[in-house]
Amino acid sequence: MKNGLNSGVSAKRPQPTLTLRGFELFKTLLDADEQNALVEELRNVIRAAPLFSPMTPYGKPMRVRMTSAGKYGWYSDRSGYRYEPRHPSGVPWPPIPNAVLQLWQTVTGIDRLPDCCLVNFYDADARMGMHQDKDEADFGWPVVSISLGDEGLFRIGNATRGGSTESLWLQSGDVMVMGGDARLTYHGVDKIRAGSSSLLPKGGRINLTLRVVD
DNA sequence: CAGTACCT
DNA sequence: GGCT
């Protein structure tokens with residue numbers, strides 16, 4: 001078998017619905033039951049490691065509320081962006097739910113499992129400015145992003161700030177893989193479409209981001 | 001004064 | 001580009 005790829009068992013990897021600037025989108029990869037099951041798992045994660053709004057290095061808290069699961073959690077404060085082995089409360093991050101790890105395997109076909117599942121919760125007014133994912137040790141590993149709940153307008157830019165951008169709406173159950181050239185491409189979330197999904201009783205959007213950290 | 005996962 |  002080719003190094004890093006699955007063989008045997010359920011080795012069939014889905015085909016991306018569409019590829020935009022190297023970002024591979026798997027549209028509605030999760031059906032309604034799978035989405036609901038994932039939300040249930042996330043309730044447990046959030047119970048163990050409550051959502052918080054990290055401070056940015058320049059003194060304003062992020063609008064998105066977040067927590068993590070896995071060996072590391074993404075964290076930010078005045079001294080910068082980094083991964084931490086513990087929630088700000090001092091407890092270790094809870095384990096990454098199995099269904100999430102299986103999804104990573106399905107979509108990447110990579111043997112190595114992610115160290116971090118960042119859980120981002122967007123309320124109707126939350127946005128995420130354009131940024132690169134560059135706090136990891138090895139940019140050779142892909143990043144996987146899972147959308148749940150309300151639709152979000154995702155914007156894709158370039159390897160450096162500025163220049164033209166392209167946007168697409170991400171819907172509940174969509175999965176995106178950012179690998180290769182797209183791994184360091186600037187991206188962000190401009191808008192949440194309130195009321196566009198009934199998955200979360202109180203509305204909002206959850207994005208799970210899976211990363212190999214070290 | 002460089003950085004910039006924020007804000008307008 | 002402010003602001004830190």
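Order of the sequence lines sets the chain letters (A, B, ...), proteins ahead of strands, with each chain counted from 1.
- Within the nucleic acid shown, A/Asp135 comes within 4.0 Å of at least one base atom, counting heavy atoms only.
- Spacing between atom CG of A/Asp125 and atom P of B/dC7 amounts to 11 Å, rounded to whole angstrom units.
- Between B/dA2 and B/dC6, the two C1' atoms lie 16 Å apart (nearest whole Å).
- A/Met130 has its CE atom 17 Å from the P atom of C/dG1, to the nearest Å.
- Taking the six-membered ring for Trp and the full ring otherwise, the centers of A/His131 and A/Tyr186 sit at least 6.0 Å from each other.
- The distance from atom CG of A/Asp190 to atom C1' of B/dT8 is 14 Å, rounded to the nearest whole Å.
- To the nearest angstrom, P of B/dG3 lies 11 Å from CZ of A/Arg161.
- Counting to the nearest Å, the C1' atom of B/dT4 and the CG atom of A/Asp77 are 15 Å from each other.
- Relative to the side chain of A/Lys134, the nucleotides B/dT8, B/dC6, B/dT4 differ in distance, and B/dT4 lies closest.
- The CE atom of A/Met62 sits 9 Å away from the C1' atom of B/dC6 (whole-angstrom rounding).
- Within 4.0 Å of A/Arg211, counting heavy atoms only, lies at least one base atom of the nucleic acid.
- In this structure, A/Asp214 pairs ionically with A/Lys71, as a charged nitrogen and a carboxylate oxygen lie closer than 4.0 Å.
- Ring-centre distance between A/His87 and A/Tyr75: not below the 6.0 Å cut-off.
- For C/dG1, the paired base is B/dC7 (Watson-Crick or G-U wobble, both distances below 3.5 Å).
- Residue-level contact check: A/Gly129 touches the backbone only, with heavy atoms under 4.0 Å from sugar-phosphate atoms and none from bases.
- For the pair A/Arg112 and A/Trp141, the cation sits on the ring face: its NZ or CZ lies under 6.0 Å from the ring centre, inside 45° of the axis.
- Using modelled atom types, no side-chain atom of A/Arg78 and backbone atom of A/Met55 make a donor-acceptor pair closer than 3.5 Å.
- One atom, CZ of A/Arg127, and another, P of B/dC7, lie 6 Å apart when rounded to the nearest Å.
- Straight-line distance from the OH atom of A/Tyr58 to the C1' atom of B/dC1: 17 Å, rounded to whole Å.
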